[in-house]
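Remarks on the structure that follows.
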Amino acid sequence: MKSRALIGLMADGQVHSGESLASRLGISRTAIWKQVKRAADEGYEIETIRGKGYRLVTPVDLLDSAMILEGIPESVRRRVKLAVLDEVDSTNAEIIRQRPASGSSVIPVCIADHQTAGRGRRGREWQSPRGQNLYLSLGLTFHGGFAMLDGLSLVLGVATAEALEAMGSGQVGLKWPNDIFLGRGKVAGILVELQGELEEGIIQVVAGIGLNVHMKQAESVTQAWDSLSVASPEVDWARNDLAASLVGSLVDAADEFSENGFAAFRERWQQRDIFSGKSLVASQGNLAGVGAGIDGSGNYMLDTDDGVTAVRAGEISLRVQL
Ligand code: BTN
């Protein structure tokens, strides 16, 4: 965002004269006018009031790495290396590029204000408009086989739900395997990608969370969606606080999963299961049944005419039968 400094000055929503903005930024009034135009092109709504100046109509919630770090609990903060970027193709891709293929104990975290090629599950694109949502990835290392990744993605869903609930979202729903639901639809998605195997049994994973915070319009999102500011308008959602709280919760959950496995998360996931008791169909194959929760490895159980069948996260997706 080229106009970041200008937006920072106008974030109070008050009218600012071109002259005062120019003197505070040490540039000419013409340069201010150009920055106002650029900010408008970037999606900010700025009102020009003749003879008085400019007023930022769009509320802004700027990302700030110092504020994010400050909010992360000390025990996690000292293990994290945080990068806050104005723009990147994908924060997951950035972690993969930056992370050494070695066993460093540092947890790289990348947060971006905007993604130009945000990645969703099943090769879909993740809409990542500037300034509105949270796009956050962490690099994690685990001892175990690839099969553990299915359980991990459910664990990260629980960690995200718990962080949001602690901040006042109200009860969050989880849609197997790891979509986060609130109010009218999906509010966050999680993409776990395998980065590589350091040595046998030690795997590097990138976990990316896309969380809708202030977004109110998204023409190209086809499924039902929601954002925190719409679903829980009584809470003053700030992206820096959310990022800090998510990093703390995700790292703690990853540690607990590493030490004790999936067992401690099963009930915490199940309490939020939006499929429970619903008639479901699998997107591939001709499997249908009633949602019956997850087993001890995070597979989804379908109560079918032929008995209970477990469905693996990586293999199949489920939807409610209409
Ligand atoms: C899904 O399809 O539900 C998963 C969406 C994951 C999106 C996040 S945004 C941060 C990280 N970077 C990406 O490119 N994708 C993930």
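Counting starts at 1 for both ligands and their atoms, in listed order. Values below: all heavy atoms of this structure, side chains included; hydrogens, waters and symmetry mates excluded.
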Taking Thr91 for the side chain and Ile111 for the main chain, is one N or O donor matched with an acceptor at less than 3.5 Å?
no
Checking Asn212 side chain against Asp226 main chain: does a donor-acceptor pair fall under 3.5 Å?
yes
Identify, chain by chain and in numerical order, each protein residue with a heavy atom under 4.0 Å from an atom of ligand 1.
Ser90, Thr91, Asn92, Gln115, Gly118, Arg119, Gly120, Arg121, Trp126, Tyr135, Leu136, Ser137, Asp179, Lys186, Gly189, Ile190, Leu191, Gly208, Ile209, Gly210
Without hydrogens or angle criteria, can the side chains of Thr116 and Asp89 be said to hold a donor-acceptor pair below 3.5 Å?
no
Sidechain-backbone polar pair: His214 side chain, Asn133 backbone, donor-acceptor under 3.5 Å:
no
Please list every donor-acceptor pair under 3.5 Å in which a side-chain atom of residues 199-211 meets a protein atom from a residue at least two apart or in another chain.
| residue | atom | partner | partner atom | Å |
| --- | --- | --- | --- | --- |
| Gln204 | NE2 | Pro100 | O | 3.4 |
| Gln204 | NE2 | Ser102 | O | 3.4 |

Side chains of Asp273 and Tyr300: do they bring a donor and an acceptor to under 3.5 Å?
yes
